[in-house]
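Contents: one structure, followed by commentary.
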Amino acid sequence: MKVTADKVNSSLVKEVEEISGQKVSACFQCGKCTGGCPVVSSMDIFPHLVLRFAQLGLLEELLHSKTLWICASCQTCDSRCPRDVDIPKVIEALRLLLLRRKGGNRLHPANLSDRVRADAPQQGLVSAFRKYAK
Amino acid sequence: MRYSYYPGCTLKTKANNFEKTALRTAGALGLEMVEVPEWQCCGALYPLNTDELFPLLAPVRALAQAKEAGHGTLVTLCAGCYNVFKRTNREMSRNGEVRRKVNGYLQEEYTGEVNVLHYLEVLKKEVGFASLAEKAQKKLTGRKVAPYYGCLLLKPRDEMDFDDVENPTIFEDFLRALGAEPVDYPYKTECCGSYLSMADEEVAATAVGRILLSARKSGAELLVVACPLCRYNLEEYGRELTERTGGEASLPVLYFTELLAEALAVGSETYGEEK
Amino acid sequence: MRRTGVFICWCGSNIAATVDIDLAVAAAKKMPGVVFADQNKYTCSEIGQEMIREAIRTHRLERVVVAACSPRMHENTFRKTVAAAGLNPYFLEIANIREQCSWVHKDKETATDKAIALIRTAVAKAARNEALFASELPIERRALVIGGGIAGIQAALDIAENGFVVDLVEKEPSIGGRMAQLDKTFPTLDCSACILTPKMVEVAQSEKITIFSYAEVEKVEGYVGNFTVTVRSRARSVDMGKCTGCGDCMLKCPVKVDSEFDLGLIKRRAIYTPFPQAVPNKPAIDRENCRWFTAGKCRVCEKVCPAGAIDYSQEDELRTEKYGAIVVATGFDPKKLDNYGEYAYGKHPDVLTSLEFERLLNASGPTGGKILRPSNGRPPKNVAFIQCVGSRDKAKGNPYCAKVCCMYTAKHAILLCEKVPGARPFVFYIDVRTPGKDYEEFYNRAYEEFGATYIKGNVSKVFPDGEKLLVRSVDALSGALVELEVDMVVLANSVDARAGAKELAQKLSITTNAYNFFNEAHPKLRPVETHTAGIFLAGTCQGPKDIPETVAQASAAAVKVAALLGKDSLLSNPTVAEVNEKLCTGDMSCLAVCPYGAISEKMLEERRGRETVRRKVAEVNMALCQGCGACTVACRPGAINLKGFTNEQIMAEVEAICL
Amino acid sequence: MPVTREGFEPLIVAFCCNWCSYAGADLAGTSRQTYPSNVRVIRVPCSGRVNPGFIIRAFQRGADGVLVAGCHPGDCHYHSGNYHARRRFTILKQMLDYLGIEPERFQVRWISGSEGAKFSAVMNELTENVRKLGPNRKLRDAR
């Protein structure tokens with residue numbers, strides 16, 4: 001992993017900012033988002049580092065990260081963020097960059113577990129397909 | 001009082017006891033819930049991206065119908081629907097560009113006139129917990145209940161403006177009105193894993209485990225929720241956890257309306273989900 | 001046309017290299033009203049000035065235009081020059097042909113054209129200049145200091161030291177302020193009370209200073225040198241003349257309420273002094289809680305008072321006095337934590353604010369200086385210190401840095417280690433900021449010598465778990481998640497402006513920033529003045545500060561006050577607004593835009609034929625007007641004008657500059 | 001100055017407040033930040049002192065561009081003058097547009113006493129823009 005001027009100036013970062021409506025430069029890396037994230041232990045890039053990577057244009061790393069698919073959009077982080085950055089929106093934008101690519105879907109009806117098939121509420125299924133497929 | 005009422009998909013199927021008990025209790029309290037005609041799924045999630053307006057159309061259409069019905073207030077039960085409607089409504093009243101574009105797609109003209117309330121808010125603001133306490137004849141005395149708020153009722157902080165995000169009390173006040181004893185535990189607003197249970201069950205199971213442990217430590221004998229997905233996660237992984245540990249890890253999970261129906265003595269016999 | 005003389009300066013080669021001076025002089029000679037024009041190598045030199053004086057005399061000049069450097073450089077110099085030759089100093093105009101011409105243009109031809117245009121403009125304006133006279137205003141040689149914390153104490157002492165009488169108004173029953181609540185002070189760890197109480201006593205003993213405790217400013221009128229201030233002294237129910245301060249009443253009073261001074265960690269009585277070293281050391285009855293005032297029975301204090309000093313019939317006292325200058329030193333409030341439910345403050349007794357922790361450290365505090373957990377009275381082992389609670393948080397707190405928290409948290413970490421053997425401080429920070437003499441070194445000691453663990457990460461939530469507290473965060477440096485079980489959490493809550501600061505600002509006609517801190521007149525060059533002449537600032541009422549900065553600002557304010565009160569009289573700025581009463585329609589649009597409250601209504605009585613009619617017009621208070629001219633634009637009939645920058649003068653400039 | 005388009009040199013009148021923008025102009029001089037000589041400054045105590053009438057008069061007398069420069073919002077020496085100015089000149093701009101004057105000919109800028117470089121940059125930009133617009137014929141007195 002290396003920071004270069006080209007990466008920092010990457011147009012992808014601007015795209016993320018456009019889709020999310022958030023300014024990644026606003027983050028000052030206090031880590032309050034990460035400390036409070038209920039699913040952080042399953043993430044490979046912590047929420048505050050998502051912002052840091054985006055600030056430095058390390059988009060490739062972000063687009064390969066598990067974190068994008070772990071975030072539950074519970075919005076605990078942005079409700080506490082002292083810089084008013086809506087981190088789930090940034091993660092959503094990164095997710096959309098991938099989902100909008102051809103074959104980008106992450107969840108297929110065939111892959112649902114038996115339990116989910118049998119018992120899951122519609123709310124959960126609709127949410128999951130909104131998040132993991134286009 | 002008459003309200004427009006939006007049930008949402010889950011309440012017509014997996015969570016139909018949520019709806020049944022809610023409507024029964026509303027009737028007992030003199031609240032008339034008029035279902036929005038021809039409603040569609042709200043989309044379950046409020047869109048987090050700014051470059052698509054399509055997901056707003058279904059909720060706006062329901063809001064516009066509530067406006068047409070002249071009730072002024074749209075009531076929801078499911079926390080997911082509530083989150084979507086409250087935020088959609090806010091956007092439609094505040095963001096001129098979104099309003100113009102969305103209205104461009106629709107027959108109706110809607111500018112955020114309808115007030116979106118969760119049934120809990122109706123109980124607090126319109127009925128009043130003091131008066132609810134009087135009406136609750138069959139007191140739930142001695143029942144130690146852990147209120148589980150989850151995320152969707154409360155967050156984002158500014159947009160939902162439902163209760164104190166970190167330290168909400170509406171559930172506790174509600175439970176006290178019914179004579180139950182709310183227990184305090186720090187996980188009442190921690191996420192249950194939400195839709196992750198559809199794709200990555202382990203993550204959700206871990207989140208649920210912490211919530212149940214904390215609630216049990218505080219002496220709770222059951223959990224109340226306002227969200228079918230929370231209930232599914234808490235029940236499913238609670239059961240699994242009990243099986244895996246060979247001990248007692250789970251807690252019964254009820255919709256708040258089921259307790260309300262019991263306290264108002266309007267029949268809560270069908271505890272649990274109808275499958 | 002006025003007989004005008006034009007003096008064009010070379011400024012060595014600064015002007016002459018770019019502007020053709022000969023051409024400019026020739027052009028000036030043809031300008032309307034100009035009877036004399038000449039040049040000089042350095043007009044500001046003694047020779048240059050003498051040339052002006054000489055020309056005024058020999059050519060009977062009525063107006064003078066100097067074309068040279070910026071008026072911000074030498075306008076005053078040349079005003080004195082023309083005054084020395086008998087002209088009104090405001091008959092001078094400057095054409096700025098250096099900073100705004102020769103220094104910014106390269107082409108000699110166009111620069112010369114522009115210089116000539118600027119001279120023409122100055123000549124046109126000068127022709128319309130009128131004689132202006134500064135008036136003399138008397139000064140009341142007495143100062144008012146609002147707030148009896150360390151800032152107010154220092155300011156009062158220094159003003160008194162300069163020989164002026166000072167009234168010191170304090171809201172609480174005792175002076176001392178926030179500093180009295182502190183235990184030790186950074187970076188020297190000397191005891192706060194040991195350095196503060198001697199100053200409090202000095203104030204009490206000073207013949208020049210009168211303390212009005214349990215009192216607040218009610219009304220402020222007037223202007224620099226002549227403020228009229230009404231102070232409300234709340235009924236103390238204790239006769240200050242008779243009370244000896246023996247304290248018997250406080251022992252016998254049956255009512256116990258939370259002590260404000262100790263932040264509710266212990267109780268005080270309904271008749272009380274805030275703390276043992278109070279000045280004045282005479283109690284007050286808190287009528288909201290006193291049994292006699294709430295229930296109509298008791299009177300125990302009256303019975304036990306050996307001096308017969310208890311007086312239940314006392315009433316609030318209003319006192320109006322004139323002051324020449326005012327120092328505002330009302331301090332700060334620690335931020336309330338209503339927006340920070342995630343830290344479990346108020347939910348778990350072992351979550352404390354830093355000022356509460358400070359009281360635990362203090363030997364006269366609720367635990368006698370022992371650090372004990374409020375939950376079980378035992379000393380804590382692991383303590384989490386969370387910095388920036390409500391600071392640097394634009395979403396739900398203050399966006400600014402509270403400035404003192406990094407240092408006092410380092411102090412708390414050190415004192416914890418000193419007082420509780422084996423205890424371990426964990427400091428959660430966003431950035432550690434320690435600019436200040438010996439500050440960085442102090443912070444270094446906290447982790448190097450005392451073993452405080454600094455973790456770069458804002459704590460997200462504190463989870464009460466039985467007796468323990470679970471603190472969840474991340475260490476941003478290592479990228480490790482932090483889950484820490486501690487016995488106590490100390491929240492470094494932000495510095496807020498004092499409640500009521502906005503209302504006080506309105507009374508004083510001074511401004512505040514968005515967070516209700518009082519605004520200084522200039523952030524760099526006039527840091528202790530306000531925009532209202534004669535009112536000065538000291539301490540944290542202007543923004544977060546530590547004690548040395550507060551004391552320095554207080555002394556600076558005192559010097560400003562002494563300089564003001566030491567004058568025989570004040571000269572007013574004559575370029576102020578003026579009302580043409582004939583044109584004024586009395587619609588008072590001017591009043592709404594005046595930032596100084598300098599405009600008021602006046603009733604005129606006029607004869608109209610046989611009738612006497614009364615008519616409302618605007619009136620400008622010359623002492624309050626600062627000459628901004630906002631009123632002149634707001635005035636629809638054009639009845640109000642600004643001397644020195646009249647509509648006619650500016651219009652003449654516009655016409656001349658466009659020729 | 002010539003009113004023809006060829007070799008057109010616009011005349012620009014700048015009203016600068018004494019405390020910020022006039023000081024900024026002086027600083028531009030002290031630090032030799034050059035700008036075109038087309039710009040001529042009239043010193044006023046505050047941007048709130050500038051009567052819209054002055055601006056109209058400047059256009060009538062042949063100015064091709066007019067600038068009002070004051071302290072940054074929040075920094076006004078008289079604490080509210082530039083706010084009055086801002087409101088007033090937003091409306092004036094619309095009025096000029098209505099009269100058929102290109103609104104770009106009239107600019108309001110906030111330039112502090114420490115922004116000499118900004119002063120010079122604004123003067124360069126304004127002169128260039130007005131040069132492109134050509135001479136102001138609309139309001140100029142028929143003389």
Original post:
Using non-hydrogen atoms and a limit below 4.5 Å, what part of residues 154-169 of chain B faces chain C?
Top reply: B:Arg157, B:Asp164, B:Glu166, B:Asn167

Can you tell me if [X] has over 12 outside heavy atoms packed within less than 6.0 Å of its [atom1]?
{"X": "B:Glu113", "atom1": "CD", "value": "yes"}
{"X": "C:Lys419", "atom1": "NZ", "value": "yes"}
{"X": "C:Lys256", "atom1": "NZ", "value": "no"}
{"X": "C:Lys336", "atom1": "NZ", "value": "no"}

Original post:
Which pair of non-hydrogen atoms, one from C:Pro464 and one from B:Pro186, has the smallest distance, and what is that distance?
Top reply: O-CG, 3.4 Å

Subject >> NE2 on C:His348 to CG on B:Asp184, rounded to 0.5 Å >> reply: 11.5 Å

Original post:
At a heavy-atom separation under 4.5 Å, does C:Asn339 approach chain B through its side chain, its backbone, both, or neither?
Top reply: neither

**OP:** Select one option (side chain, backbone, both, neither) describing which atoms of C:Ala395 are under 4.5 Å from chain B's heavy atoms.
**Re:** both

